Amino acid sequence: MKGTQHMDQFTPKTMGQQFGRRSWAEPWKIKMVEPLRMISREQRQKVLVEAGYNTFLLKSEDVYIDLLTDSGTGAMSDRQWAGMMLGDEAYAGSRNFYNLEAAIQTYYGYKYIVPTHQGRGAEHLLSQVVIQRGQFVPGNMYFTTTRLHQELAGGTFVDVIVDEAHDPQSLYPFKGNIDLDKLEALVQREGAQNIAYVSLAGTVNMAGGQPVSMANVKALRQWSNQYGIKVFLDATRMVENAFFIQEREAGYADKSIAEILCEFCSYTDGAWMSAKKDNLVNIGGWLAVNDPVLFEELRNLVIVFEGLHTYGGLAGRDMEAIAIGIAESVQDDHVRSRIGQVRYLGDLLSAWDIPMVLPVGGHAIFLDARRFYSHLPQDQFPAQTLAAELYLDSGIRSMERGIASAGRDPKTGDHYYPKLELTRLTIPRRVYTQAHMDVVAEAVRAIYEERERTHGLKMVYEPKYLRFFQARFEQL
Ligand code: P71
């Protein structure tokens, strides 16, 4: 029999056996499925040109496996869907708002909560209220929307992340840490009164999903207390950060993700959140602070841009889904399987020597396009090229996180040339299986083998704000 002959030639191994441990599995089973389809290579070529080689401009229908982002792309649980049916769609004082408020107070530990339609809504409000024109906003690497809102409020972002973060090959375990010497130098140069606040992000997205240690945030708190400078946290992927602390930092192995999350937040003055990531919903965000005076201002401003302070641009049902999602998101087995899946893909690719950011972070694999296409100069958009080639080969959609995302320096008008030129394969939460990861890994390997024959891109249309979303390219 064919099957038996096949078995004679090699012994298949489970993942656990390959790693010398018992296998674990996702802590859920699938109740509803969404069919996928793959269009032909000729069709992919055509739609890619029509999209100006920009994966943001592809139609979702033309995508086979969608790794553009983990933002709003996760699967909600049956409990969350049930919660959606309990939406209290009152204009004011919806029951679901109070449930959301209680969940944030319980799991993140902040006192006052303002809901927003998504993360950037919260960034906008905080930036407008806390930044005065001409002030500096130091942070552990920029994020596109965060920095833009800081700049629109008249602030200047200053990167104070540790140097290791800019080196894709450094194995430093906490590449998201703030370099306190850089922060101190900034205060010495500009004066403490000219610092709006420290903008601290958990598992730093643009660095490759790299965590901040508990020791670092504690030291940051002590440092900032000396000068009376506030620390605000981008909590978007802070649950995933807590997992890395549990895994890597002495003294935390026996603490739960929930305990670590709460302790970390306790060293900060407030947080903004894109609930579309860690909080396991398709839309939503929030802002949370401890200072009642600041809260008063934020609660007033939210009405101008988002909606009344008990809904902030969200339906009651959305707030209910976030409240339930928060409680699910801090379960240890959930976080382990989520990050475990990202690592599974990372282990395959690194075993094949595909250049990528190491250690593998929480939400994505970041391919190092600079080394992947070492023959392409940065202004030929190697990371954008990689995203386009991957789509062409296999219908897999990824995202550029390099020179196109970095944009231009508002002062000089020149491109920012970021050290990291990356293409992100972002894994949605609770959506794809291990077999999908195998397909992705093989596709990356296939384009890597073709790398020397690959041409770069030139930008032929450049929008003013966040250009990477709508820019168009042509092949050189
Ligand atoms: C991601 C996103 C979504 C996105 C945003 C901008 C360009 C491309 C894709 C959003 C974040 C984030 C962090 C750390 C704030 C936001 C904004 N990330 N902070 O990674 O990662 O939140 O999208 O809900 O407005 O694909 P928002």
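In this text, all values refer to a predicted model and were calculated from it rather than measured experimentally. Whatever order the structure lists them in is the order used to number ligands and atoms, beginning at 1.
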Give a yes or no on whether the ring-centroid distance for Y311 and F97 is below 6.0 angstrom.
no

Output yes when the distance from some N or O of ligand 1 to some N or O of T145 is under 3.5 Å, and no in every other case.
no

Quick check: does G284 get an N/O under 3.5 Å from an N/O on ligand 1?
no

Please state whether the rings of H363 and F366 are parallel, tilted or perpendicular, taking 30° and 60° as the class boundaries.
perpendicular

Does R424, backbone or side chain, put an N or O under 3.5 Å from an N or O of ligand 1?
yes

Would you call the rings of F468 and F56 parallel, tilted or perpendicular, taking 30° and 60° as the class edges?
tilted

Test side-chain hydrogen bond (donor to acceptor under 3.5 Å, both in side chains), reference S405, set R424, E400, Q384, output is E400

Any carboxylate oxygen within less than 4.0 angstrom of a Lys/Arg side-chain nitrogen, looking at D66 and R397?
yes

Do K277 and S71 have side-chain N/O donor and acceptor atoms under 3.5 Å apart?
yes

Polar contact flag, side-chain donor to acceptor under 3.5 angstrom, T145-E123:
yes

Polar-atom distance check: R120 versus ligand 1, any N or O pair below 3.5 Å?
yes

Using 4.0 Å as the upper bound for N to carboxylate O, is an ion pair formed by E462 and R467?
yes

What is the nearest protein non-hydrogen atom to atom 13 (C) of ligand 1, stated with its residue, atom name and distance?
D234 OD2, 3.4 Å

Considering the heavy atoms of F468, write down every atom of ligand 1 situated less than 4.0 Å from one of them.
7 (C), 8 (C)

At what distance is the nearest protein heavy atom to atom 27 (P) of ligand 1, and which residue and atom is it?
Q118 NE2, 3.2 Å

Heavy-atom gap H363 to ligand 1 smaller than 4.0 Å:
no

Centroid separation under 6.0 Å, is that true for the rings of F295 and Y112?
yes

For T144, atoms of ligand 1 separated by under 4.0 Å from a heavy atom
6 (C), 7 (C)

With only distance considered, is N205 within less than 3.5 Å of ligand 1 through an N or O on each side?
yes

Atoms of ligand 1 less than 4.0 Å from K277 heavy atoms?
2 (C), 3 (C), 10 (C), 11 (C), 18 (N), 21 (O), 22 (O), 23 (O), 24 (O), 27 (P)

Atom indices of ligand 1 within 4.0 angstrom of T69 heavy atoms, with elements:
1 (C), 26 (O)

closest protein heavy atom to atom 16 (C) of ligand 1 is F143 CE2, 3.6 Å

Which residue owns the protein heavy atom closest to atom 9 (C) of ligand 1, what's the atom, and how far is it?
M399 CE, 3.7 Å

Check ligand 1 against F469 and write out every atom of the ligand that is under 4.0 Å from a heavy-atom position of the residue.
6 (C), 7 (C), 8 (C)

Which residue holds the protein heavy atom closest to atom 15 (C) of ligand 1, what is that atom called, and what is the gap in Å?
E123 OE2, 3.1 Å

Any N or O of S274 that comes nearer than 3.5 Å to an N or O of ligand 1?
yes

Indicate yes or no: at least one non-hydrogen side-chain atom of M273 is less than 4.5 angstrom from one of N279.
yes

Please could you name the atoms of ligand 1 that K276 approaches to less than 4.0 Å, counting only its heavy atoms?
24 (O)

Between D333 and R338, does any side-chain N to carboxylate O distance fall below 4.0 Å?
no

